[in-house]
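A short write-up of the structure that comes next.
All values derive from a computational prediction rather than experimental measurement.
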Amino acid sequence: QVQLVESGGGFVQAGDSLRLSCVVSGRTFGRYIMGWFRQAPGKEREFVAAISRTDTNTYYRDSVKGRFTISRDNAKNTVYLQMNSLKPEDTAVYYCAADYLGAFSSRTYYANEYEYWGLGTQVTVSS
């Protein structure tokens, strides 16, 4: 059984930083494309960032480019999302997701490409 557990969320001020972590258990971590999504109250879940299985390629939504960095440590079965210069509009529940043996392509932006999801971690950014 595959499990994803996020951590690292919290309440911060605008301009602060947070690092989210997601530990994956249950299958060979290196076979997953990993993604981060977020969902704000009253809004649909949206793509934030993704990283390929071998850590050589990344995608970001435009609004976080230059501020957020996704990375992974295959030895620790963990994917990270470093979030700098946080803004109030970054406030959301952040979800980790895993796509088993998928193709790193334009489809990676879509939530329905991911088979496994964590329960989410709340990030609140105050102005």
Side-chain angles (χ1 to χ4, degrees):
Q1 185 175 358
V2 179
Q3 290 189 318
L4 286 69
V5 180
E6 303 98 334
S7 62
F11 184 98
V12 296
Q13 300 292 320
D16 286 350
S17 298
L18 281 175
R19 188 175 82 155
L20 306 184
S21 299
C22 173
V23 179
V24 181
S25 62
R27 262 176 155 173
T28 305
F29 181 68
R31 295 179 180 177
Y32 294 106
I33 292 170
M34 297 301 301
W36 287 97
F37 289 76
R38 67 187 181 187
Q39 188 167 17
K43 295 187 177 181
E44 294 189 354
R45 190 171 298 191
E46 63 182 20
F47 172 81
V48 177
I51 189 166
S52 62
R53 289 189 291 274
T54 57
D55 195 14
T56 54
N57 292 292
T58 56
Y59 288 147
Y60 296 93
R61 71 178 298 106
D62 286 345
S63 62
V64 308
K65 285 180 181 177
R67 300 189 298 122
F68 290 12
T69 303
I70 187 170
S71 61
R72 65 190 295 161
D73 185 339
N74 285 358
K76 295 183 178 180
N77 289 5
T78 303
V79 62
Y80 305 97
L81 185 67
Q82 177 67 44
M83 306 186 295
N84 298 329
S85 302
L86 282 161
K87 303 176 180 180
E89 51 263 43
D90 295 318
T91 295
V93 177
Y94 283 71
Y95 298 91
C96 172
D99 175 10
Y100 184 67
L101 293 179
F104 198 75
S105 68
S106 58
R107 297 186 306 193
T108 303
Y109 289 89
Y110 296 97
N112 60 9
E113 289 294 310
Y114 296 80
E115 298 94 340
Y116 306 103
W117 292 81
L119 296 179
T121 185
Q122 176 71 48
V123 172
T124 303
V125 185
S126 171
S127 58

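Here the side chain of T28 pairs no donor or acceptor atom with the backbone of G30 at under 3.5 angstrom. Within the 3.5 Å criterion, the main-chain N or O of N112 finds no donor-acceptor partner in the side chain of R107.
Taking NZ from K76 and CZ from F29, the interatomic distance works out to 12.0 Å, rounded to the nearest 0.5 Å. Residue N84 holds its CG atom at 6.5 Å from OG1 of T69, rounded to the nearest 0.5 Å. If you take CZ on R31 and CG on L101, they are separated by 6.5 Å, rounding to the nearest 0.5 Å. Going from atom NZ of K65 over to atom OG1 of T58 covers 9.5 Å, rounded to the nearest 0.5 Å. Rounding to the nearest 0.5 Å gives a distance of 7.5 Å between NZ of K87 and OG of S63. For the atom pair CD (E44) and CZ (F37), the distance works out to 12.5 Å, reported to the nearest 0.5 Å.
In this structure, R45 and W117 have side chains that are in contact, with non-hydrogen atoms separated by less than 4.5 Å. Looking only at side-chain heavy atoms (C-beta outward), W36 and I51 stay at 4.5 Å or farther from each other. In this structure, L4 and Y95 have side chains that are not in contact, with every pair of non-hydrogen atoms separated by 4.5 Å or more. Residues R67 and Y60 fail the side-chain proximity criterion, which asks for heavy atoms closer than 4.5 Å. A 4.5 Å side-chain heavy-atom check between V93 and E6 finds every atom pair outside the cut-off. In this structure, the side chains of D90 and M83 stay at 4.5 Å or more apart for every pair of heavy atoms. Counting heavy atoms from C-beta outward, D99 and E115 have side chains that approach closer than 4.5 Å. Side-chain contact between L18 and D16: absent, with no pair of heavy atoms (C-beta onward) separated by less than 4.5 Å.
Open room surrounds OH on Y110; 12 or fewer heavy atoms of other groups in view lie less than 6.0 Å from it. The number of heavy atoms from other shown groups lying within 6.0 Å of CD (Q13) is above 12.
Taking hydrophobic clusters as Ile, Leu, Val, Met, Phe, Trp and Tyr residues chained together by side-chain heavy-atom distances below 4.5 Å, Y94 shares a cluster with V24. Using a 4.5 Å cut-off between side-chain heavy atoms of Ile, Leu, Val, Met, Phe, Trp and Tyr, with links allowed through other members, L119 and Y116 fall into different hydrophobic clusters. Both L20 and F68 belong to a common hydrophobic cluster when Ile, Leu, Val, Met, Phe, Trp and Tyr are linked at side-chain heavy-atom distances under 4.5 angstrom. In the hydrophobic clustering of ILVMFWY residues, with side-chain heavy atoms under 4.5 Å counting as a link, F47 and I33 come out together.
Aromatic ring centres of Y109 and Y59 lie closer together than 6.0 Å.
Here the closest non-hydrogen pair linking M34 and C96 is CE-SG, 3.5 Å. The minimum heavy-atom distance between Y114 and A50, with the atom names listed, is OH-CB, 3.7 Å. Between Y32 and A98, the shortest heavy-atom distance links the atoms CD2-CB, 3.6 Å. What you find for R53 and G102 is that their closest heavy atoms are NH1-O, 2.6 Å. The shortest non-hydrogen separation linking V123 to G9 is CG2-CA, 4.1 Å. In terms of heavy-atom proximity, A40 sits nearest to A92 at N-CB, 3.8 Å.
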Show your reasoning for whether side-chain contact (heavy atoms from CB on, under 4.5 Å) applies to Q122 and T91.
CA-CA 8 Å; Q122 176 71 48; T91 295; 4.1 Å; yes

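Of the options L81, T78, D73, a side chain to side chain contact (heavy atoms under 4.5 Å, CB included) to S21 is made by T78 and by none of the others.
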